[in-house]
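The structure is given below, and queries will be raised subsequently.
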Number of protein chains: 2
Amino acid sequence: MDQVAPAAPPEFSARQNDVLEVALRLLVEGGDKALTTAGIARAANCSKESLYKWFGDRDGLLAAMITYQSSKVRAAAGPGARPGREAFRGLLVTFAEDLLTVLSGDVSLALNRLAIGEAGRTEARLGGLVLKAGRRPIEARARSLLEAGRAAGHLAFTDTGDAYHTLYGLIVRDLHVRLLLGDSPDPAERNVPARAATAIDQFLRLHGADEKNAKGPGGDTGPA
Amino acid sequence: MDQVAPAAPPEFSARQNDVLEVALRLLVEGGDKALTTAGIARAANCSKESLYKWFGDRDGLLAAMITYQSSKVRAAAGPGARPGREAFRGLLVTFAEDLLTVLSGDVSLALNRLAIGEAGRTEARLGGLVLKAGRRPIEARARSLLEAGRAAGHLAFTDTGDAYHTLYGLIVRDLHVRLLLGDSPDPAERNVPARAATAIDQFLRLHGADEKNAKGPGGDTGPA
DNA sequence: CAAGCGGTGTACCGTACGGTACGGTTCCCG
DNA sequence: CGGGAACCGTACCGTACGGTACACCGCTTG
């Protein structure tokens with residue numbers, strides 16, 4: 001199923017990167033309706049023929065935009081050594097801040113809107129691409145962070161994926177969907193550091209292993 | 001007739017409801033690309049002229065679909081009297097199950113995809129309509145539920161909206177966005193009752209007022 | 001210098017959609 | 001019974017988009 005591009009490195013030339021940048025700008029400014037091949041060619045001073053030569057078709061161009069953007073937002077690496085408790089909490093807060101910042105970004109929102117709008121139709125691969133190129137790296141970073149925290153004795157959980165989803169929910173809540181729908185959240189919700197700190201506090205109250213929580217997190221119901 | 005809409009009563013005739021039903025089916029089956037006026041007219045055995053007479057233009061039709069669908073999913077009313085602790089927990093679990101069920105529904109996903117895809121363009125009102133007609137009633141139900149729980153001494157929180165957002169995040173996590181992107185969650189995440197129960201357990205560990213949590217929830221950082 | 005390659009700009013084609021107009025039919029109401 | 005309103009089915013129009021073809025240009029390279 002994923003034999004589409006098994007070993008094709010999605011590396012683009014500088015010229016193509018420029019074109020992708022222009023396309024992203026157009027998408028952010030005008031939505032998917034403004035993202036026409038003619039419009040991109042005009043704004044990027046290139047020919048439509050070059051667009052099709054480079055990216056195949058419109059969907060290939062869209063996919064290239066996603067991979068290009070996600071390559072720019074490569075998540076920072078995980079922790080090297082075993083951090084202390086406060087340092088580990090700081091790592092979690094940093095992750096939360098990064099997550100909120102990325103998800104609130106104009107380009108991220110525009111690309112997610114594009115992929116979501118395209119999903120639901122038969123054979124829409126943009127959604128899967130966003131999932132794979134955009135979200136999986138973030139999840140991988142969080143998972144390694146969580147497991148490092150558990151190994152260092154700061155966290156208690158059984159299923160890493162479950163803990164990650166809980167962390168994600170506490171950080172993001174319904175903010176992402178509301179932003180995708182065009183809502184303008186109140187200023188308190190825009191305060192990324194405060195929101196991140198609160199979310200991590202809550203997460204540590206659920207899965208922290210330091211204080212009295214050591215008895216058992218109780219966060220898992222094993223339905224199988 | 002049972003609920004008096006503030007400004008414009010979005011009441012449609014039975015025939016128009018049938019048309020909206022067909023349109024929703026087309027949208028669910030084929031995505032927004034399959035939702036053409038000609039297609040709706042053909043599938044609903046009506047004329048395009050009637051569509052425009054009834055709904056104005058395509059956007060009016062889309063808006064009618066949203067209000068029609070949300071009117072069908074009117075959230076159940078809140079609790080009447082002061083429930084006991086276990087009964088209140090049951091109310092929370094029921095709310096969580098309803099929320100997960102609604103958000104995972106085909107029609108809800110399709111309409112959210114439509115509105116999200118349309119958002120980002122200048123003057124896109126569908127997103128705001130989904131927010132208003134679809135999410136606000138759910139939030140209102142949750143808020144009244146939360147405040148009833150606090151009044152009954154089962155919950156401790158200062159800001160209702162904040163508590164609601166935490167509850168929402170614990171219940172929904174990133175499931176909604178993943179579904180919107182076309183992801184197929186693993187079967188464990190499809191187990192609505194188990195997920196709801198876990199989420200409510202976690203929420204009560206953060207905001208429950210019964211046991212040792214009575215000392216202080218600590219869930220609020222007041223930045224201002 | 002000449003050949004060739006990659007790229008630009010533009011013109012072009014087919015298609016598909018939103019929206020409108022029109023003839024024919026049904027059904028209600030006076 | 002007759003008039004008219006609502007509506008269906010379809011044909012039609014303008015537009016705009018994806019995708020292709022082509023002529024021209026500049027730069028590299030032998």
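All chains are named by letter (A, B, ...) in the order of the sequence lines, taking the proteins before the strands, and each is independently numbered beginning at 1.
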- request: Classify the nucleic acid contact of B:Arg42 as base, sugar-phosphate or nothing, counting any heavy atom under 4.0 Å across all strands shown.
  value: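 No contact at all - B:Arg42 keeps every heavy atom at 4.0 Å or more from the nucleic acid.
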query: Under 4.5 Å between any side-chain heavy atoms of B:Val177 and A:Val172, yes or no?
result: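 Result no, sub-4.5 Å side-chain heavy-atom pair not found.
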query: Do you know the tightest heavy-atom contact between B:Arg195 and B:Leu100?
result: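 Heavy atoms of B:Arg195 and B:Leu100 come nearest at CB-CD1, 4.0 Å.
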- prompt: Hey, are B:Tyr68 and B:Glu21 close enough side-chain-wise for a donor-acceptor pair under 3.5 Å?
  reply: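 On atom types as modelled, these side chains qualify, holding a pair under 3.5 Å.
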query: So, are A:Glu118 and B:Lys33 salt-bridged, with charged N and O less than 4.0 Å apart?
result: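 Here A:Glu118 does not pair with B:Lys33 in a salt bridge, since their nearest N and O are not under 4.0 Å apart.
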message: Closest-nucleotide mapping onto DNA chain D: is A:Thr37 or A:Ser47 further toward the 5' terminus? I mean the 5' end.
response: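 Checking each residue's closest nucleotide, the 5'-ward one belongs to A:Thr37.
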query: Is A:Thr36 touching bases, backbone alone, or none of the nucleic acid, heavy atoms closer than 4.0 Å?
result: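 Contact class for A:Thr36: sugar-phosphate only.
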- request: Applying salt bridge (charged side-chain N to carboxylate O under 4.0 Å, His left out) between A:Glu139 and each of A:Arg135, A:Arg136, A:Arg143, report the one that passes.
  value: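 When salt bridge (charged side-chain N to carboxylate O under 4.0 Å, His left out) is applied between A:Glu139 and each of A:Arg135, A:Arg136, A:Arg143, only A:Arg143 qualifies.
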query: How close or far is atom C1' of D:dA6 from atom CG of B:Leu51, stated in whole angstroms?
result: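 Answer to the nearest Å: 14 Å.
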- prompt: Just checking, any donor-acceptor pair under 3.5 angstrom between side chains of A:Arg173 and B:Thr166?
  reply: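 The answer is yes; a qualifying pair exists.
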- prompt: First and last nucleotide of DNA chain C touching chain B, 5' to 3', heavy-atom cut-off 4.0 Å?
  reply: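 Both ends considered, the range comes out as C:dC17 to C:dC22.
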- request: Run the salt-bridge test on A:Arg125 and A:Asp59 with the 4.0 Å N-O cut-off and return the result as yes or no.
  value: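 Counted as a salt bridge, because a side-chain N and a carboxylate O are separated by less than 4.0 Å.
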Pair B:Ser47-B:Ser50, side-chain donor/acceptor within less than 3.5 Å: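 Checked: B:Ser47/B:Ser50 side chains pair up, N/O donor to acceptor below 3.5 Å.
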task: Mind running a 4.0 Å heavy-atom check of residues 55-66 of chain B against DNA chain C and sending the residues that fall below it, in number order?
output: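 Within this stretch, B:Asp57, B:Arg58 sit under 4.0 Å of the strand.
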